[in-house]
*Asks:* 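There's a structure below that I have some questions on.
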Amino acid sequence: MANFYYYNSNVDNKGNHEVHANGCNHMPSDYNKNLIGYESDCKAAIQRAKQKTGKSNFDGCYYCCNECHKG
């Protein structure tokens, strides 16, 4: 579903930046929330985040981006 996506500037316990869709109840604090942009789905959002940051360690949120959640 098209939405605005964000990633957490902090990494989780597996070393990944968690990606969230706008409105997620598990969104990081405003201080740690970075806009990726408006994308068609979490896969496109993760791809854009990789391009914008040069990093490759992104993972979808279990709750709002489960189809992109690696575990």
*Asks:* If the condition is salt bridge (Lys or Arg N to Asp or Glu O under 4.0 Å), which residues does Lys33 pass it with, not counting sequence neighbours?
*Replies:* Asp30

*Asks:* Give, for atom SG of Cys68 and atom CG of Asp41, the distance between the pair rounded to the nearest 0.5 Å.
*Replies:* 6.5 Å

*Asks:* Hey, could you give me the NE2/CG distance between His20 and Asn34, rounded to the nearest 0.5 Å?
*Replies:*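 Result: 11.0 Å between the selected atoms.
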
*Asks:* Can you list the other members of the hydrophobic cluster that holds Tyr7, where links are side-chain heavy atoms under 4.5 angstrom apart?
*Replies:*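 Under the 4.5 Å side-chain rule, Tyr7 groups with Tyr5, Val19, Ile36, Ile46, Phe58.
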
*Asks:* Ser29: what forms a side chain to side chain donor-acceptor pair (under 3.5 Å) with it, not counting sequence neighbours?
*Replies:* Asn32

*Asks:* Salt bridge (charged side-chain N to carboxylate O under 4.0 Å, His left out): which pairs involve residues 48-67, sequence neighbours left out?
*Replies:*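 Output for this query lists Glu39-Arg48.
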
*Asks:* Less than 4.5 Å apart, side chain to side chain, heavy atoms only: is that true for Asn16 and Val11?
*Replies:* no

*Asks:* Could you pull out all residues at least two apart from Phe4 that satisfy side chain to side chain contact (heavy atoms under 4.5 Å, CB included)?
*Replies:* Tyr6, Asn22, Leu35, Tyr38

*Asks:* Could you note down all residue pairs passing salt bridge (charged side-chain N to carboxylate O under 4.0 Å, His left out) where residues 3-21 supplies at least one of them, sequence neighbours left out?
*Replies:* none

*Asks:* So, for Cys61 and His26, which heavy atoms are closest and what is the spacing to 0.1 Å?
*Replies:* SG-CB, 4.4 Å

*Asks:* Measure across Asn10 and Asn8 and return the closest heavy-atom pair with its distance rounded to 0.1 Å.
*Replies:*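 It is N-OD1, 2.8 Å.
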
*Asks:* Looking at every non-hydrogen atom in both residues, tell me the closest pair between Ala21 and Cys64 and how far apart they are.
*Replies:* N-SG, 3.2 Å

